[in-house]
Amino acid sequence: MSEGTIRMIEKRIGILGGGQLGKMIFQAGSTMLLDISFLDKSSDYPAGLITKNFTEGDIANYDDIIAFGQNMDVISIEIERVNVEALKVLKEAGKDVFPSPEIIGLIQDKGDQKKFYKDHGFDTSPFILVDSTEDIYEGLKNGSISYPFVQKSRRGGYDGRGVAVINGQNEIHKILEGPCVIEEKVDIDKEIAVLVCRNKGGEVAIYDPVEMVFDDEANLLDYQLAPAAISRDQNINIHELALKMASKLDLVGLLAIELFLDKEGNIIVNEMAPRPHNSGHHTIEACYTGQYENLLRAILNLPLGCPDIISPSILVNLLGSPDYRGETVYSGISEIMNLRGANLHLYGKNETRPHRKMGHVTILHEEHYSPHESKDIIKRVFKTVPKILYNE
Ligand code: ADP
């Protein structure tokens, strides 16, 4: 902590990961005069652009986390690919580690996640766990696996990497190596995400579910509508599911739960992330208290802020152009600013790569857009997006 800096709370908060989520955690924390530091590979990463409290190191490395964590009182994450053993040691040494290393460990393995859902009575698509591609060929032969199916690497996948949808024999070349989950393909009507926040005292805040609309090619979130257009009953059921999940996990911090609504209206758990989430960026402007502030309140055991929405919103991810890799050049800013209610966030990554998350825009509107209106707005933003990231 810098000498003489006035703080709301004399606690040093250490965040593992210094990307855009870290940057937005810092932004929320700075309004509350919190002392937040980051550990990640390069201080050129987004969080490093706005604070000097940035230690260069590897969040997957045991020693780096121990050295960083020793100087902290409270430790949290912006990404789950961290060394869990180090976090367990820090927790045993008396540090507040939220979410717990046990939750992070569970989330790191998609196979363990699936078992957790099954064991605790959460609907998830039927699955089996396999160790190798040979097991898959064998399963297809003996009938324990049938088309279409979805294959997910147990570890290390993110943003669609590590997921293969295999619709038939002609797509068998897409199969991934290594231990994985094989699950039934869901007939998806809508992809929904719900965010739940819980503090150490057990107080819970649940954000209204949002609908995520994906780009087939990039497999990355393209745009999102908040709140999701779902029935009142579905809304209530999803709130209950989020509450139950947070309590079963004894969560402290944030948890994003990704769900499928199938064509029959069933609510099916897909996967979770125990940290701020892309599907909650809109909460900064569209809700009374955003996800980043509520994460900080939760891990400091402060009362949580109200998660209710102030205004419906559309969130569009600004992704790196599919055919350009190189220095980031921003243009087309005026078109975005011309959209009424648009809030532009640029992450400050030096290099743009195909489909890389470079920023987002949250567009607020006092009423729900009709499906027709929202399509029109999204089209207008999309027209602008590529221009932002093209090197002109
Ligand atoms: P990631 O961790 O990379 O985001 P996900 O588990 O969210 O991986 O899968 C990426 C996408 O693949 C999902 O958003 C969904 O569109 C599709 N998908 C995943 N599992 C299934 C499934 N069982 N049935 C149908 N589509 C699926």
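In listed order, ligands and their atoms are each counted from 1.
Taking every non-hydrogen atom of Glu183 and a distance limit under 4.0 Å, the qualifying atoms of ligand 1 come out as 20 (N), 21 (C), 22 (C), 23 (N). Close contacts of ligand 1 with Glu271, meaning ligand atoms under 4.0 Å from a residue heavy atom, involve 1 (P), 2 (O), 4 (O), 5 (P), 6 (O), 7 (O), 8 (O). The ligand atoms of ligand 1 that sit less than 4.0 angstrom from a heavy atom of Glu191 are 13 (C), 14 (O), 15 (C), 16 (O). Proximity to Ser125 (heavy-atom distance under 4.0 Å) selects the following atoms of ligand 1: 23 (N). Interface atoms of ligand 1 facing Ile188, defined by a heavy-atom separation under 4.0 Å, are 25 (C), 26 (N). The ligand atoms of ligand 1 that sit less than 4.0 angstrom from a heavy atom of Glu258 are 7 (O).
Asn270 counts as a contact of ligand 1, since one of its heavy atoms falls under 4.0 Å from the ligand. Using 4.0 Å as the threshold, Lys110 has a heavy atom nearer than that to some atom of ligand 1. Heavy-atom separations between Gly162 and ligand 1 are all 4.0 Å or longer.
With a heavy-atom cut-off of 4.0 Å, Glu184 touches ligand 1 through its backbone alone.
Ion pairing of Glu240 with Lys244 is absent here, as no side-chain N (NZ or NE/NH1/NH2) approaches a carboxylate O to less than 4.0 Å. The pair Arg12-Asp35 does not count as a salt bridge, with every side-chain nitrogen at least 4.0 angstrom from each carboxylate oxygen.
When atom types are taken as modelled, the side chain of Gln151 and the backbone of Cys180 share no donor-acceptor pair closer than 3.5 angstrom. Side-chain N or O atoms of Asp262 include one that pairs as donor or acceptor with a backbone N or O of Glu264 at under 3.5 Å.
Looking at every heavy atom in both residues, Ala298 comes nearest to Arg198 through CB-O, 3.4 Å. Between Ile267 and Gln234 the shortest heavy-atom distance is CD1-O, 4.0 Å.
Annotation: Lys185 places no N or O atom under 3.5 Å from an N or O atom of ligand 1; distance criterion only. Ligand 1 has an N or O atom lying under 3.5 Å from an N or O atom of Val186, backbone or side chain.
Defined by atom type and a distance below 3.5 Å, a donor-acceptor pair is missing between the side-chain atoms of Ser125 and Lys185. Of the N and O atoms on the side chains of Asn142 and Ser144, at least one donor lies less than 3.5 Å from an acceptor on the other residue.
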